[in-house]
Structures are given as structure tokens and as C-alpha cells.
Amino acid sequence: MERITANYHTHTRYCKHASGEVEDYVRAAIDAGLRVLGISDHSPYPFPDGYYSTYRMFPSERADYVRDVQRCREKYADRIEIRLGYEAEYYPRHFRQLIEEINETECEYLILGQHFTNNEYDGEYSGEWSESVEKLKLYVDQVCEAMELGIITYLCHPDLISYCGPEEIYAEQMTRLVEVAKKTDTPLEINLRGIKFKAQYPSDRFLTVAAPLKPKFIIGVDAHDPEDLIPGPADEAAFELVRKYDLDLLDRVRLKKPVL
Ligand SMILES: [Zn+2]
Ligand SMILES: [Zn+2]
């Protein structure tokens with residue numbers, strides 16, 4: 001079975017919807033034969049008072065998260081390379097402050113997962129099926145704006161956006177996204193969690209548009225349970241997509257330090 005040797009998309013119990021300590025993921029990664037494990041939990045986000053996001057760590061937990069990862073890095077240094085990052089959305093009103101805050105402690109990289117449009121509390125879930133061209137464009141605008149900053153290590157589940165209008169409009173907008181990904185050297189993810197749970201991503205529809213443009217791809221586990229790191233049928237399906245669409249697959253990504 002073909003296997004990945006690096007995974008940069010890993011959550012922990014800090015985000016409140018994944019299970020397991022950082023160390024549990026590190027042990028599972030070693031068992032799975034990974035050489036590189038990037039921990040990238042849902043970032044704390046400096047939202048205004050009164051809004052509470054339910055799927056990420058609190059800003060007050062960031063220091064503990066960082067310390068857990070650093071401890072594991074030291075403890076398992078001779079067995080696996082551990083990298084420290086976050087997954088975050090590009091919320092224009094709060095992104096700069098996010099970048100400042102996550103750099104108060106160590107941060108090696110950021111992967112972009114645009115789960116909501118606008119600023120989350122005033123936007124819509126990207127994965128909700130919609131015929132709105134406006135929403136599709138806004139998703140692509142926000143993802144492109146983030147990539148243009150040059151600090152996004154890779155783009156998670158680019159095809160999370162669930163647009164069900166005319167195909168030409170989808171193709172036009174996703175072409176725009178892929179062109180900016182290429183220009184900014186931002187790899188696109190083939191998301192194993194989506195395959196495992198039969199989500200709308202990774203989609204043939206997206207790959208049909210993206211593949212001929214020849215962007216770089218990386219496979220990401222998006223682990224929410226240590227066991228997700230153990231290779232299985234989803235890995236096979238991902239490699240099958242790589243062959244089917246002749247994708248330019250990376251086995252490592254260059255980490256971009258998120259400093260503005
Ligand atoms: Zn999650
Ligand atoms: Zn994720």
C-alpha cells in the first residue's frame with residue numbers, strides 16, 4: 001500500500017471536537033510510520049466580546065497547546081520530526097490580530113481552512129449547499145486574499161465550498177482559486193477525513209477543473225482522533241485520485257512562517 005510519510009493536518013482535544021492529547025497523536029504517528037507530524041489545531045481566534053466559537057481552542061489555551069507540542073518534540077526527537085502550527089480561516093476583520101497573537105508563542109506554519117465566509121459570526125458555513133454565486137465568489141475571494149499574503153503553507157479542503165449552481169460558474173471561480181494557489185506557491189490538499197466520512201470533498205468536480213492547471217497537491221489526514229493517522233482505505237482512495245487525475249503530489253511542504 002502506498003503511504004504518506006508526512007502529515008501536517010492534525011487536531012487535538014484543544015479544539016473541543018477532536019479527541020486525544022498531542023502525545024497520543026505523536027505516538028500514533030510513530031506507529032503509522034510517519035517521519036513528519038505537523039500539529040495544526042483550530043487556532044484561537046480573537047473575536048469580539050460576546051461571540052463564542054465552539055470548535056477551536058480558547059486564546060487562553062494557546063500557551064498550553066504550544067508547550068504540549070514542544071514537550072513531545074523533545075521527548076520523541078529521535079523518532080519523528082514534530083512541527084507546530086494551526087489551521088485557521090481568513091477572517092478579514094480579525095486576521096492581523098490573529099497573526100500577532102499566535103506569534104507571541106512559537107508558530108511554524110498556518111494552513112488555511114475557510115470554514116465560514118465573512119468573519120464566521122456574520123458569515124455562512126462554506127460546506128452548506130447553496131446556489132448563491134455571491135457566496136461562492138466570497139469564498140474564493142477570501143481564500144485568494146489569504147494566499148496572496150504569502151504566509152499560507154497550504155490550503156485545506158479547497159473544495160469545501162458547496163455550490164450547486166451552473167457548472168461553468170463553479171469552474172470559472174475554482175480556476176481563479178487554483179491560479180492564485182499556483183502563483184503563490186500554495187499546495188492544495190486532498191483531505192483524507194473527507195474521503196473517510198464521504199463528505200462532498202475531495203470532489204471529482206473540483207479535481208476535473210484543477211488537475212489540468214497543474215497546481216501542487218498534498219495529502220492531509222485532518223486527524224480528529226489518533227487512530228485517523230493509521231493508514232487505511234482512505235489513503236488508498238487518495239492515491240487513486242492522484243493517479244486518476246495525474247496530480248502533482250508533494251510528500252513534504254515548505255513551511256511558511258506566518259508573519260505579516
Ligand atoms: Zn475540526
Ligand atoms: Zn482540519
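Whatever order the structure lists ligands and atoms in, that order sets their numbers, starting from 1.
Considering only residues two or more places apart in sequence or on other chains, Arg27 meets the side-chain contact (heavy atoms from CB on, under 4.5 Å) condition with Glu23, Lys75, Tyr76. Listed by chain and number, the residues in a side-chain contact (heavy atoms from CB on, under 4.5 Å) with Ser126 are Tyr139, Leu160, Ile161 (sequence neighbours excluded).
Ring planes of His42 and His224: tilted class, angle from 30 to 60°. Using cut-offs of 30° and 60° for the angle between ring planes, the Tyr65 and Tyr86 rings count as tilted.
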Under 3.5 Å, which donor-acceptor pairs link side chains of residues 151-159 to any protein atom two or more places apart or in another chain?
{"residue": "Thr153", "atom": "OG1", "partner": "Lys256", "partner atom": "N", "Å": "2.9"}
{"residue": "Tyr154", "atom": "OH", "partner": "Glu189", "partner atom": "OE2", "Å": "2.7"}
{"residue": "Asp159", "atom": "OD2", "partner": "Ser203", "partner atom": "N", "Å": "2.8"}

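If you count the protein N, O or S atoms nearer to the Zn ion (ligand 2) than 2.8 Å, you get 4.
Exactly one of Glu172, Gln173, Glu179 qualifies for a side-chain hydrogen bond (donor to acceptor under 3.5 Å, both in side chains) with Arg176. That residue is Gln173.
In His17, the N, O or S atom that comes nearest to the Zn ion (ligand 1) is NE2.
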